[in-house]
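See structure below.
Convention: sequence-line order gives letters A, B, ...; per-chain numbering from 1. Every heavy atom of this structure was used, including side-chain atoms; hydrogens, water molecules and symmetry mates were not.
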Amino acid sequence: MNGASVLDVYRILSDAYGPQGWWPLLEVRGSQPTATGTLKGYHPGDFSFPRTERQRLEICVGAILTQNTAWPNVEKALLNLERLEALMVTRLLALSDAELEDAVRPSGYFRSKRRKLREWALAHQDWAGRTPSRADLLTVWGIGPETADSIRLYAYGQPEMVVDTYTRRLFAALGWVRETVSYDDLKELCTRELPLDVVVYQEFHALMVEHAKRCYRRQPWRDDLLRDVGGRRGG
DNA sequence: AACCAGGACGTGA
DNA sequence: TCACGTCATGGT
């Protein structure tokens, strides 16, 4: 297993867990159980999402709400917004501060997330149906590199690799990077050895989250799956 | 009962 | 640049 590559990691995870199918959507759940979490909203093997503007908006909103937040809490907030029929930009912007805060409260950081959603919704209107560039997204207050990439990759189907704390933890556990590696460096490491492919990016990110949820809880972990890959990085 | 979750921002070195 | 404090609810 000398000179193992990122692609090897992808293959190992893919063989272990099978197709994932991200992003979770309220309308597309319940078909199959997932190994982790309470949400059963994945659509393995089906990459035709989002199919509607409503779904695209739900992904953008979810990407913002899930910042440093467990997904089940995000789902509660999304259900609140759905109940308010606020998964449309105009309706979202029509909510009062109190209404919006109450809706997103279960996902935590309710004040800042209220502002983040507003700022994003206004920018979204300005983009007028065009696909926002990464730079476009990064100008929005509350949208950082990971959220921008998540929106690009999952809401707009752009080949933008998403790396997150789980990704960082995984590659750190393999000994390929330090935990303090920057977002951009980690992203570059991932993309350099992967084909520029939306499906591959979506699956790889989802697989790393799935694996990390199983093995990299904040406790001494033991990684059996990737044991043979870690420790050496060809160079 | 602490600990932490699919981050980002503001501040001060 | 970079390290650190802050934001907040809910599950384990």
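- N80(A) places a side-chain N or O within 3.5 Å of a backbone atom of A103(A) that can act as its donor or acceptor partner.
- F171(A) and W176(A) have tilted rings, their planes meeting at an angle from 30° to 60° on a 0 to 90° scale.
- When rounded to the nearest whole Å, the span between CG of N68(A) and C1' of dC4(B) equals 8 Å.
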Just do the side-chain hydrogen bond (donor to acceptor under 3.5 Å, both in side chains) check on T147(A) and K116(A) with the steps written out, would you? CA-CA 11 Å; T147(A) 308; K116(A) 290 177 182 182; over 6 Å; no

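- Applying the 4.0 Å criterion to OP1 and OP2 of dG7(B), one finds that R168(A) has every side-chain N and O outside that range.
- Contacts of K113(A) with the nucleic acid, taken as non-hydrogen atoms under 4.0 Å apart, are absent.
- If you check dC7(C), dT9(C), dA8(B) against the side chain of E146(A), the one that comes closest is dA8(B).
- The distance between atom CG of D102(A) and atom P of dT9(C), rounded to the nearest whole Å, is 11 Å.
- Under the salt bridge (Lys or Arg N to Asp or Glu O under 4.0 Å) test applied with E101(A), the options K113(A), R114(A), R118(A) reduce to a single match, R114(A).
- Counting any heavy atom pair closer than 4.0 Å across all strands shown, F110(A) reaches sugar-phosphate atoms only and no base atom.
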What nitrogen or oxygen pairs link the protein and nucleotides 9-13 of chain B at under 3.5 Å?
| unit_1 | atom_1 | unit_2 | atom_2 | d |
| --- | --- | --- | --- | --- |
| dC9(B) | OP1 | G142(A) | N | 2.8 |
| dC9(B) | O3' | W141(A) | NE1 | 3.2 |
| dG10(B) | OP1 | W141(A) | NE1 | 3.2 |

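- Look at R56(A) and E53(A) and you find a salt bridge, because one of the NZ, NE, NH1 or NH2 atoms lies within 4.0 Å of a carboxylate O, short of that distance.
- Using a 4.5 Å cut-off on side-chain heavy atoms (C-beta onward), V104(A) and V61(A) make no contact.
- The NZ atom of K213(A) sits 11 Å away from the P atom of dA5(B) (whole-angstrom rounding).
- Ion pair E146(A)/K187(A) not flagged as a salt bridge, since none of the NZ, NE, NH1 or NH2 atoms sits closer than 4.0 Å to an Asp/Glu carboxylate oxygen.
- Residue contacts for S107(A): at a heavy-atom cut-off of 4.0 Å it reaches no nucleic acid atom on any strand shown.
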Apply side-chain hydrogen bond (donor to acceptor under 3.5 Å, both in side chains) to S14(A) and E203(A), showing your working. CA-CA 8 Å; S14(A) 184; E203(A) 284 295 282; 5.9 Å; no

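- Each of dG11(C), dT9(C), dA8(C) was ranked by its minimum atom distance to the side chain of P106(A); first place goes to dT9(C).
- Atom P of nucleotide dC2(C) and atom OH of Y183(A) are separated by 17 Å, given to the nearest angstrom.
- For the contact set between residues 150-160 of chain A and DNA chain B, defined by any heavy atom under 4.0 Å, there are no members.
- In this structure, E179(A) places its CD atom 17 Å from C1' of dC2(C), rounding to the nearest Å.
- Here the side chain of T147(A) is nearest to one of dA5(B), dA8(B), dA8(C), namely dA8(B).
- The CG atom of N73(A) sits 14 Å away from the P atom of dA8(C) (whole-angstrom rounding).
- Side-chain heavy atoms closer than 4.5 Å link hydrophobic residues (I, L, V, M, F, W, Y) into clusters, and following such links, possibly through other members, connects L122(A) to V89(A).
- Nucleotides dA8(C) and dG10(B) have their P atoms positioned 14 Å apart, rounded to a whole Å.
- The pair D185(A)-R178(A) does not count as a salt bridge, with every side-chain nitrogen at least 4.0 angstrom from each carboxylate oxygen.
- Close to dA8(C), at under 4.0 Å from its OP1 or OP2, lies a side-chain N or O of R111(A).
- Counting to the nearest Å, the P atom of dA8(C) and the CG atom of L65(A) are 13 Å from each other.
- Here dA8(C) presents its P atom at 12 Å from CD of Q67(A), a figure rounded to the nearest Å.
- On the P atoms, dC7(C) is 24 Å away from dA1(B), given to the nearest whole Å.
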